[in-house]
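Okay, so here's the structure we're looking at.
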Protein chains: 2
Amino acid sequence: MSTPGAEPSQEGSLLLDDQLCFALYAASRAVTARYRPLLDELGLTYPQYLVMLVLWEQDQISVRDLGNALQLESSTLSPLLKRLEANGLLRRERRAEDERSVALRLTDAGARLRERADTVPLAIGDAMGLSPEQDATAKQLLRLLTTNVTR
Amino acid sequence: MSTPGAEPSQEGSLLLDDQLCFALYAASRAVTARYRPLLDELGLTYPQYLVMLVLWEQDQISVRDLGNALQLESSTLSPLLKRLEANGLLRRERRAEDERSVALRLTDAGARLRERADTVPLAIGDAMGLSPEQDATAKQLLRLLTTNVTR
DNA sequence: CCCTAATGAGTTGCGCACGACTAAATAGCG
DNA sequence: CGCTATTTAGTCGTGCGCAACTCATTAGGG
């Protein structure tokens, strides 16, 4: 009859390749894999790189605010931050005005790493190979999706 | 001066919120989190659900072909498949014609689970809240991105 | 002022995800 | 036919990611 595989994708389908969720899952892992060799040079994992991005933007942030920025739990961040501290990129210090809160402060090494990192976004943008319009559309749709899905 | 936060996003920026990679990372985790309560009812994790999708589509697939479909390494799949086998959803049997290869065969329980799972895609599609056009555009862009990024 | 509720960071347990490696089996070349 | 290279699945170690929980500290109502 018709060409096999030419049927339209359906949202309610149980077929793997019809599902946006799988495209999302596969793309996320593929992008992370693309970052890996670049971040290896900096001695960072991908989540550690995200943490450093936030700290380069705003030093002395609390663990709480970092978690809000990255949408990660303290149970994920605490060990990760301990590793960054052990690698000499940041220090953790209890806030005097609120002993529950921990402020993250970049060390000199942590601040200097920014210069070596500033070629990374362009290299990745290049590898992604999307036009500025496609990039903007993708970001917009992914943010809408994230908003909807988190109620 | 100008309104803070009104500057255009840039691809080469080190700002977290400018980066497509973070939108992707956050969206992927948010979608997985949305699946969690639904999949808990089925006794599956999200990657286990993806494996079951493939098996419902094509029973008796090899670990190798499953890995190609999901883009996952055997080092990820082997323990995951062992858990699915322990939960009684599939059996692993060495192929007689090639003793290196392992065929995955659904048990009756594994096949029956499909019926309970067929409401999941619609529930998720609903939660995602994208129009059919947005859904199609997102899938298309994510696939393009995945292709580009994996060279 | 007390005392209970909340908040912030951390620990533990489990399941991915992947690189590096191993062992067994097969392919395929000389 | 023999032997080496490749293929397939698996183990091990490390680092997330998150639920469930703990502990210390602070907020805020009676």
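Chain letters run A, B, ... following the sequence lines, proteins first, then strands; residues in each count from 1.
Residue Arg83(B) places at least one side-chain N or O closer than 4.0 Å to OP1 or OP2 of dC16(C). Note on Lys82(A): a side-chain N or O is less than 4.0 Å away from OP1 or OP2 of dT11(C).
Summary of the strand contacts: Arg36(A) and Asp65(A) both lie near DNA chain C, and taking for each the nucleotide with the nearest heavy atom, the more 5' one is attributed to Asp65(A).
With Gln58(A) contributing its side chain and Leu55(A) its backbone, the two residues share no donor-acceptor pair below 3.5 Å. Checked by atom type and distance alone, the side chain of Thr107(B) pairs as donor or acceptor with a backbone atom of Gly88(B) at under 3.5 Å. In this structure, Glu85(A) contributes its side chain and Arg92(A) its backbone to a donor-acceptor pair below 3.5 Å.
One distance of note links CG of Leu104(B) with CE of Met52(B); it measures 10.0 Å at 0.5 Å rounding. To the nearest 0.5 Å, atoms CG (Asp126(B)) and OG1 (Thr119(B)) are separated by 12.0 Å.
Relative to the side chain of Gln48(B), the nucleotides dA9(D), dG15(C), dT11(D) differ in distance, and dG15(C) lies closest. Listed nucleotides: dG17(D), dC16(C), dA17(C). Nearest to the side chain of Leu80(B): dC16(C).
Just one of Asn148(B), Thr146(B), Leu20(B) meets the side-chain contact (heavy atoms from CB on, under 4.5 Å) condition when paired with Met128(A); it is Leu20(B).
Protein atom CG of Leu50(A) is 8 Å distant from nucleotide atom P of dG17(D), rounded to whole Å. Regarding Glu85(B), its CD atom lies at a distance of 15 Å from the P atom of dG15(C), rounded to whole Å. To the nearest angstrom, C1' of dC14(C) lies 13 Å from CG of Asn87(B). Between the CD atom of Glu93(A) and the C1' atom of dG10(C) there is a distance of 18 Å, given to the nearest Å. Between Tyr49(B) atom OH and dC16(C) atom P the separation is 15 Å, expressed in whole Å. Between Arg64(A) atom CZ and dT26(D) atom P there is a gap of 15 Å when expressed in whole angstrom units. Between the OH atom of Tyr25(B) and the P atom of dA17(C) there is a distance of 13 Å, rounded to whole Å. Look at CG on Leu72(B): it is 14 Å from P on dA9(D), rounded to the nearest Å.
Placement of Leu66(B) and Leu50(B) within a single hydrophobic cluster is found when ILVMFWY residues are connected by side-chain heavy-atom separations under 4.5 Å, directly or transitively.
Using a 4.0 Å heavy-atom criterion, one finds that Leu77(B) contacts no nucleic acid atom at all. Thr32(B) comes within contact range of no nucleotide atom at all, as no heavy-atom separation falls under 4.0 Å. The residue Thr76(A) sits close to a base: some heavy atom pair falls under 4.0 Å.
Remark: Asp40(A) does not engage Arg36(A) in a salt bridge, criterion side-chain N to carboxylate O under 4.0 Å. Salt-bridge check for Arg114(B) with Asp118(B): failed, with every basic side-chain N at 4.0 Å or more from each acidic carboxylate O.
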Measure all distances between protein nitrogen or oxygen atoms and nitrogen or oxygen atoms of nucleotides 24-26 of chain C, and list the pairs falling under 3.5 Å.
unit_1	atom_1	unit_2	atom_2	d
dT26(C)	OP1	Glu99(B)	N	3.2

Pairs: protein N or O with nucleotides 20-22 of chain C N or O, under 3.5 Å:
none

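The aromatic rings of Trp56(A) and Tyr49(A) lie perpendicular to each other, with more than 60° between the two planes, well past the 30° mark.
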